[in-house]
J.: 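This is the structure I have questions about; it appears just below.
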Amino acid sequence: MGCAISGSGLTPRTQEIRNTEDADGPARLTPRHIHLIQESWKVIQEDIAKVGIIMFVRLFETHPECKDVFFLFRDVEDLERLRTSRELRAHGLRVMSFIEKSVARLDQLERLQTLALELGKSHYRYNAPPKYYGYVGAEFICAVQPILKDRWTAELETAWKTLFQFVTGIMKDGYLEEENTKRNLTLTSSSKERPDKRNTMI
């Protein structure tokens with residue numbers, strides 16, 4: 001259930017959260033899930049900046065290939081430097097802000113779907129493919145467990161995993177939708193530029 005921590009304080013033995021919509025349809029958030037997430041968030045939000053930094057330092061240690069998506073961190077090998085990076089703190093806060101907005105929209109899932117869809121589209125523009133999305137949820141879960149202490153349960157872990165599965169599934173849809181839109185625009189542009197052979201003098 002938990003994350004094993006190494007002497008460096010960062011190495012987990014957890015796998016990324018996989019999107020259940022690939023197997024059994026979209027992840028389903030129950031009223032119980034929503035209640036558990038909302039209650040635990042009241043504690044997590046008190047350490048929002050700390051969680052954001054821990055989450056991304058862990059992400060870059062366990063999945064260094066993710067740094068390719070982040071221009072500012074691409075060549076940074078020193079984890080201590082990452083922990084004190086203003087840029088990483090700012091990005092961690094942006095991601096935590098998205099999680100905060102997601103939690104606030106749990107009672108209005110249509111609004112949450114819209115939010116996640118737009119985020120997926122923007123990730124296409126940032127060249128951040130869906131294969132990375134599940135990693136963030138897994139590292140978030142590992143980062144908040146020590147903060148919640150004895151409040152952390154298997155049931156709460158399932159609730160947060162379900163939320164991330166729900167959100168990342170919609171983000172993937174947004175990414176693919178944006179990808180298809182750009183591809184169609186490119187094809188349309190190419191066809192307009194191509195001369196009509198029927199009207200071309202030979």
Side-chain angles (χ1 to χ4, degrees), residues 1 3 10-29 33-34 37 40-41 44 48 51-74 76 82 87-106 109-145 156-183:
M1 178 181 74
C3 301
L10 288 168
T11 306
R13 295 175 190 158
T14 184
Q15 295 181 335
E16 71 273 18
I17 295 174
R18 301 195 180 278
N19 188 356
T20 55
E21 75 173 350
D22 292 337
D24 303 317
R28 298 184 184 280
L29 284 161
H33 288 150
I34 291 171
I37 291 167
S40 63
W41 182 254
I44 295 168
I48 196 168
V51 172
I53 292 171
I54 291 173
M55 180 170 60
F56 275 95
V57 172
R58 290 179 61 94
L59 177 67
F60 293 152
E61 186 191 41
T62 56
H63 299 285
E65 71 276 12
C66 290
K67 286 194 290 184
D68 292 340
V69 178
F70 299 89
F71 177 77
L72 290 172
F73 314 125
R74 191 170 296 165
V76 178
L82 280 174
E87 291 83 4
L88 186 65
R89 176 186 173 88
H91 185 74
L93 282 171
R94 282 195 292 274
V95 173
M96 293 301 290
S97 175
F98 170 77
I99 296 172
E100 184 173 42
K101 290 175 183 176
S102 298
V103 173
R105 287 162 172 75
L106 283 172
L109 289 181
E110 287 186 6
R111 292 183 64 207
L112 175 53
Q113 288 172 332
T114 300
L115 182 72
L117 193 71
E118 289 306 312
L119 187 65
K121 290 180 180 180
S122 69
H123 274 58
Y124 174 80
R125 297 189 286 272
Y126 300 145
N127 196 29
K131 66 181 181 179
Y132 297 130
Y133 302 166
Y135 300 158
V136 175
E139 300 307 340
F140 170 86
I141 283 172
C142 285
V144 300
Q145 285 184 40
L156 179 57
E157 181 170 352
T158 297
W160 276 107
K161 282 183 176 179
T162 303
L163 174 59
F164 277 103
Q165 288 163 355
F166 180 82
V167 168
T168 56
I170 297 169
M171 284 180 63
K172 180 180 177 181
D173 290 341
Y175 181 97
L176 295 175
E177 184 178 316
E178 189 73 2
E179 183 180 48
N180 288 333
T181 298
K182 298 299 182 185
R183 184 185 296 119

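All residue numbers refer to positions in the sequence shown, counting from 1.
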J.: Flag the pair Asp173 / Leu117 as yes when at least one side-chain heavy-atom distance between them is below 4.5 Å, and no otherwise.
T.: yes
J.: Under the side chain to side chain contact (heavy atoms under 4.5 Å, CB included) criterion, do Trp41 and Ile48 qualify, and how do the steps go?
T.: CA-CA 10 Å; Trp41 182 254; Ile48 196 168; 4.1 Å; yes
J.: Less than 4.5 Å apart, side chain to side chain, heavy atoms only: is that true for Phe140 and Ile44?
T.: yes
J.: Taking only residues two or more places apart in sequence, or in another chain, which ones meet Glu179 in a side chain to side chain donor-acceptor pair (under 3.5 Å)?
T.: none
J.: For His33, check ring pair (Phe, Tyr, Trp, His ring centres under 6.0 Å) against everything at least two apart and list the hits.
T.: none
J.: Quick one: salt bridge (charged side-chain N to carboxylate O under 4.0 Å, His left out) partners of Lys121, sequence neighbours excluded?
T.: Glu118, Glu177
J.: Step by step, would you call Phe98 with Leu93 a side chain to side chain contact (heavy atoms under 4.5 Å, CB included)?
T.: CA-CA 9 Å; Phe98 170 77; Leu93 282 171; over 6 Å; no
J.: So which atom in Gly52 and which in Met96 form the shortest heavy-atom distance, rounded to 0.1 Å?
T.: CA-CG, 3.8 Å
J.: Rounded to the nearest 0.5 Å, how far apart are NE2 of His123 and NZ of Lys172?
T.: 15.0 Å
J.: May I have the step-by-step check of side chain to side chain contact (heavy atoms under 4.5 Å, CB included) for Trp160 and Ile99, ending in yes or no?
T.: CA-CA 11 Å; Trp160 276 107; Ile99 296 172; 4.0 Å; yes
J.: Run the numbers on Phe166 and Gln113 for side chain to side chain contact (heavy atoms under 4.5 Å, CB included), then give the verdict.
T.: CA-CA 9 Å; Phe166 180 82; Gln113 288 172 332; 3.8 Å; yes
J.: Just how far is it from atom NZ of Lys161 to atom CD of Glu157, taken to the nearest 0.5 Å?
T.: 4.0 Å
J.: What residues form a side chain to side chain contact (heavy atoms under 4.5 Å, CB included) with Arg105, not counting sequence neighbours?
T.: Lys101, Arg111, Leu112, Leu115
J.: A side-chain contact here means heavy atoms from C-beta on lying under 4.5 Å apart; do Met171 and Pro130 qualify?
T.: no
J.: By ring pair (Phe, Tyr, Trp, His ring centres under 6.0 Å), which residues pair with Tyr175, not counting sequence neighbours?
T.: Tyr124
J.: Can you measure from NZ (Lys131) to SG (Cys66) and round to the nearest 0.5 angstrom?
T.: 8.5 Å
J.: What distance do Ile141 atom CD1 and Leu156 atom CG have between them, rounded to the nearest 0.5 Å?
T.: 8.5 Å
J.: Taking the six-membered ring for Trp, are Tyr135 and His63 parallel (under 30°), tilted (30 to 60°) or perpendicular (over 60°)?
T.: parallel
J.: Identify, with sequence neighbours excluded, every residue that meets salt bridge (charged side-chain N to carboxylate O under 4.0 Å, His left out) alongside Glu100.
T.: none
J.: Sequence neighbours left out, what passes side chain to side chain donor-acceptor pair (under 3.5 Å) with Ser102? Give chain and number order.
T.: none
J.: How would you list, by chain and number, every residue that makes a salt bridge (charged side-chain N to carboxylate O under 4.0 Å, His left out) with Arg125, sequence neighbours excluded?
T.: Glu178
J.: Of the non-hydrogen atoms in Ala159 and Ile37, which two are nearest, and what is the gap between them?
T.: O-CD1, 3.4 Å
J.: Going by the rule ring pair (Phe, Tyr, Trp, His ring centres under 6.0 Å), which residues pair with Tyr132 if we only count those two or more places apart in sequence or in a different chain?
T.: none
J.: Could you tell me if the side chain of Phe70 sits less than 4.5 Å from the side chain of Phe60, heavy atoms only?
T.: yes
J.: Not counting sequence neighbours, which residues clear side chain to side chain contact (heavy atoms under 4.5 Å, CB included) with Ile53? List them please.
T.: Val57, Arg89
J.: For Glu110, is the CD atom crowded, meaning more than 12 foreign heavy atoms sit under 6.0 Å from it?
T.: no
J.: Could you grab the distance from atom CE of Met55 to atom CG of Leu88, nearest 0.5 Å is fine?
T.: 9.0 Å
J.: Got a second to check how far Leu29's CG is from Thr162's OG1, nearest 0.5 Å?
T.: 6.0 Å
J.: For Asp68, which residues count as a side chain to side chain donor-acceptor pair (under 3.5 Å) partner, sequence neighbours excluded?
T.: none
